[in-house]
Each structure stands twice: as structure tokens, then as C-alpha cells.
**Student:** 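I'd like to ask some things about the structure below.
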Amino acid sequence: MVENAPMNVRVRFSPAPTGSLHVGSARTALFNFLFARHHGGTFVLRIEDTDRARSKDEWVVGIQDTLRWLGLDWDEGPVLQSERFSEYRTAASELLDRGLAYECYCTPEEIRERNDAAMTAGRSPGYDGRCRDLDDSQRVALAAEGRSRSVRFRTPDDGTSRFVDEIRGEVTVEWASVHDFVILRADDTPIFFLANAVDDLAMGITHVIRGEDLLDSTHRVLALREALGGGSPLSFAHLPLILGTDRAKLSKRHGAVALEEFRDAGYLPEAVCNYLALLGWSPDDGREVMDLDEVVDAFSLAGVTHAAAAFDHAKLDWMNGEWIRRLTLDELAERARPLAEERFGDRLDDELFVAGLRIGQERAVTIGQLLDQMEFLFVADDEFEIAAESWDKLVATERVDDALGAVEEHIARMEWDGAPVDLRDTLAAAAFEKPRKVMPAIYAAIEGRHAGLPVFDAIALLGQEKTLVRLRAARARLAR
RNA sequence: GCCCCCAUCGUCCAGUGGCCCAGGACGCCGCCCUUUCAAGGCGGUAACGGGGAUUCGAAUUCCCCUGGGGGCACCA
């Protein structure tokens, strides 16, 4: 795969710690990781916590935990921008000295009002340049009014800004439509654009791979970068956004969006990475189920698509099943055990747990769903419940008491050896020619759900006593 | 409102002028297997948004329209 990348690739993933890692950011992290590893480069983690009001330490930790869970290990960092404020202030005052930026005394409220007015008058919003050319006496007067000062970067008045995106090709915009923007807040803390430009320069970043939502801001960051001295060339690659299946912005309404939710529901990181890699990218040979090393090997920015992709939970589910089936029983048990302990507590019997996994693995979608199916093994007889929907199915079954009675008799009489139980002859003898019709009721009575782990194995795991208790309980309830 | 990006089955991708009356995957439907449901096997349904232009020939090139997404913060 030919890729014109410099020798020493340095990329960074730079999330703002204002929430847990969600699908879109995770995909960005993944693609940065893939690009770095593919080129033997360096993957840096940088935390963009310049907005002190919205950033939280717990998210700084949480994001790192999630990246580790995904297997996206970084080589440098985390670098916290909150610890580098003096660098950004120095850069800002330098721009001020050189006239590339200016002090602005407008308050956010005033700007908002003027923007609203501009909008209703049919004009475009954006800073109107009021403080652009103040002289010293005007500045002193505004400060004397008690106004605080922010620093604004002066963008060109005319001409065209252009850069070549590694994925999209040339992207241009007229400078006239890019307004002057704040780089230092009134409280002297830096804004994203400044910190971003300063750090990419300081850290020797060679490629910026991020979401398409940042495409327009690239012109501003590039202008700032140039004002700050340029440095070596920096390539940009903007990834298509991830949307919901309805093409609307991905949100909770579309199901899980935070990576923690997927972890807690029992999705495997292999499956999540695999699925995310295929959202907006595909290998030349069309493979789909690939581990991280294989993806690293095949990865290329040239293979990234241009259009936004919809996140399809159904395909992720399928892929997770594929990955669960690729695990050995020991591996599956290792992955599932923490979730099982959390869920079943002291009632968890490890031997039974592993035995349950063994019969459930081939049909599993997620570990969480597997635990749902195993719950009946770890619940006390007096806490055992049949799901409402399943009970309805049981009641609706023709000659259900006869069927349960026949099974009860079979279990009671049989010689118990722990092997799977074969009910076919028994049901046939009781004139049930089509097991398909009565099986859901038997499942419901024994497992509490009308579909679950194969009941013949389940009975063997549950034990003769408990199985009989449940069958009798179901028949007693039926008689009421 | 202005600016930017994008446009192949329901969804994710393949396709870079003839190999395409468009291929794969998920989903969906049917059949097989089956002591439930799955998993697995086999088969099926289903798309180049519209209009111009270039060309012997356009899913592939260009233009317009339409549609979708993003941006226009003292968020990132």
C-alpha cells in the first residue's frame, strides 16, 4: 500500500474531558491509532481541557480507561492542556505584539445581541469587528468602564484559504466569510484554536485526523499556525461523521452511544473496534471480521469514505456474536466473569457459570444477553420468576398441564447422571407429536423465559430437585 | 440567512469510462437443519436522487437542481 506519509508520523487523539467517550470520538481515536501503528509512528494522547468549567477530572480518567479497554494504547501523554496555559498566553501576547491579534472589549452578551440582530436583518452572524482597530485611548476608556479584555485573532479580509485534505482533496473557503475569532478568553484562559495550534506545533504533530465537524475550523487553525511561525507541514484528514440509522445526529435515542454502555452490556472490544473500523473504511480485499492487527496492516487513509455513515446496532450485534464465537471457553469466561459477579454476587457458582457459557456461546449476541439466559441457574427457588410474556405463552399452550406433567414425571423417575435430558419419547408417549409446540412452555416453567439455553442441558445443570420444584410451581400456579 | 462537505440496496461497504441489466456484508423473507430460540447451510428481496453536458460508450468526468450532514461560541 503506497501512502505518501513522512517518515516520522506523529498523530494525536485530543478529546475534551466533558463526558464519557462516545462512538464518534472512539472512531476518531481508533483511526489515529491505526494510522500511527500502520506507519510505525507515535500516537499521542492530549486532553483538551481548556474549558475549565466543563472539564472534569473523572472524565480524564474515564476516557483513558475506555481507550485501554478498546486496546488503543498511546505512546505519549496524556498531556493536559490545563497545565500549559502559560505557553498559550505567551503565544497570544506575541500575536498581540505583532498586530496579528487584538484586544476585544465586547462582552459575550453584546455579541450575541448583535448576532441576533444581524440574523433577523438577514445578515450572517459572526464578529462584526467592532474592536478591530481601537487606539490606546479607546482601549483605556473601555477598560475603565470595567470591561474585561479578550484576545481576538485577525483573519484576512480577502483572498481564499485552501488546504489539501488527505481524504477529501482540496478544500477552499473565502476569507471574507471567516470572522475574527477569540483565542484568549477574558479570564485569560485559551480557546481551542490557540491551544490546538500551539500544541500541534510544539508536539511535532504531522497528521491531524479528526471528525468532519472540524473541517471548517481548519482554515482558522492553519492561519494561526502560520502566524505562530509555521513549522513543518501538517496534513489534515477529516473523517465522515457517524449518524443514527435515520441520518440524524447520533444520540441516546438511537440506543447506546457511550462506549461504557457497550462495555457494560457485554460487547467485546474486538467487536467494537472491528465494527467502528468498518464505518467509513474498508480494506481492499473486502474482509469484514478482522482483529486490530489485521486492520492496522490493511489501514490506509485512501480507503476512507467521504459520506457520513449510520451506526447500525444490528450489525454490531452480529459482529459481537462472531467475536464471542472466536473466543475459547476460558477466554469467554474470563471476559464474562466480572459482569457475572456484578450481576449475581455470591449466588454465582463458577463451575455452573462456565458450564452455562459452554452451552450458550454458540448462540450468543452479547455477554449481557448470555447472562440473561443463565440467570435461572443462580436464582433461589423462592425468587424464581417467569417473565410475564413467557407465562402468557405458557398459558396459551394447548394441553400445557399434560405436557408439564409428563416432563415432571420423566424427571422424577429418571436416573440422574447429569447428562442432557431427552424428552422426545416422553412427549411423544403423551401424544405430543410436535415438540415445537410445547417446548416454549417447558422453557418458561424451568428457565423463566420461553427461549433460552437448550433446556435439556439446562435441566442437567439445574439439577433434578430444582427442576421438579419449578415444574410443580408452574403447574400449581396454572391450577389456580 | 451565509459558508463548507457529501450523495450506489433499509444499513455499512465494493465499484475510479466499457469486465455492471452493479458485487459483498448486516438486516429482512423463504427453505434446510433443529427436543425452544438461536447459531449454521442454501436461496431470495433490494440501490446507482433528478436533469443536462462530454463520449462510440457513463454508477464512474463536468454543470445545475434536489436531498442529507457540518460550520458560522469568550465549546471542542
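To find a chain, count down the sequence lines: A is the first, B the second, and so on, and within it residues start at 1.
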**Student:** Between A:D180 and A:R130, does any NZ, NE, NH1 or NH2 come within less than 4.0 Å of an OD or OE carboxylate oxygen?
**Tutor:**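 Salt bridge: no.
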**Student:** Would you mind classifying the nucleic acid contact of A:G280 as base, sugar-phosphate or nothing, using non-hydrogen atoms under 4.0 angstrom?
**Tutor:**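 Result for A:G280 = sugar-phosphate.
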**Student:** Identify whether any heavy atom of A:T172 sits under 4.0 Å from a base atom; if not, whether one sits that close to sugar-phosphate; answer base, sugar-phosphate or nothing.
**Tutor:**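 A:T172: backbone/sugar contact only, no base atoms under 4.0 Å.
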**Student:** Suppose we screen for side-chain hydrogen bond (donor to acceptor under 3.5 Å, both in side chains). Which residues come up paired with A:D417, at least two apart in sequence or across chains?
**Tutor:**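 So A:D417 forms no side-chain hydrogen bond (donor to acceptor under 3.5 Å, both in side chains) with any residue.
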**Student:** Within the 4.0 Å limit for protein heavy atoms, which parts of nucleotides 41-51 of chain B are touched? Write it as a string from 5' to 3', B for base, S for sugar-phosphate only, - for none.
**Tutor:** -----------
**Student:** Starting at atom CD of A:E174, determine the distance to atom P of B:rC72, rounded to an integer number of angstrom.
**Tutor:**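 It works out to 19 Å between those atoms.
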**Student:** The criterion is side-chain hydrogen bond (donor to acceptor under 3.5 Å, both in side chains); which residues satisfy it with A:D402, sequence neighbours excluded?
**Tutor:**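 Here the qualifying residues are A:R399.
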**Student:** Enumerate all atom pairs, one protein N or O and one N or O from nucleotides 58-60 of chain B, separated by less than 3.5 Å.
**Tutor:**
none

**Student:** Dump every N/O contact between nucleotides 62-70 of chain B and the protein below 3.5 Å, one line per pair.
**Tutor:**
from: B:rG70; atom 1: N2; to: A:D216; atom 2: OD2; distance (Å): 2.8

**Student:** Name the closest nucleotide to the A:R54 side chain, picking from B:rU36, B:rC3, B:rA76.
**Tutor:**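 Of the candidates, B:rA76 comes closest.
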**Student:** Determine whether A:Y275 and A:N320 satisfy the following criterion, side-chain hydrogen bond (donor to acceptor under 3.5 Å, both in side chains), listing intermediate values before the conclusion.
**Tutor:** CA-CA 9 Å; A:Y275 178 67; A:N320 202 60; over 6 Å; no
**Student:** In whole angstrom, give me the gap between the C1' atoms of B:rG51 and B:rG67.
**Tutor:**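 Their C1' atoms lie roughly 15 Å apart.
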**Student:** Between B:rA76, B:rG40, B:rU11, which one does the side chain of A:R325 approach most closely?
**Tutor:**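 Shortest atom-to-atom distance from the side chain points to B:rG40.
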**Student:** Go through B:rC12, B:rA76, B:rA7 for me and flag the one nearest to the A:H306 side chain.
**Tutor:**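 Nearest listed nucleotide: B:rA7.
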**Student:** Which part of the nucleic acid, if any, lies within reach of A:V173 when heavy atoms closer than 4.0 Å are counted: base, sugar-phosphate only, or nothing?
**Tutor:**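 Sugar-phosphate, backbone atoms only, no base.
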**Student:** Taking only nitrogen or oxygen atoms into account, show me every contact under 3.5 Å that the protein makes with nucleotides 26-29 of chain B, one pair per line with its distance.
**Tutor:**
from: B:rC26; atom 1: O2'; to: A:K315; atom 2: N; distance (Å): 3.4

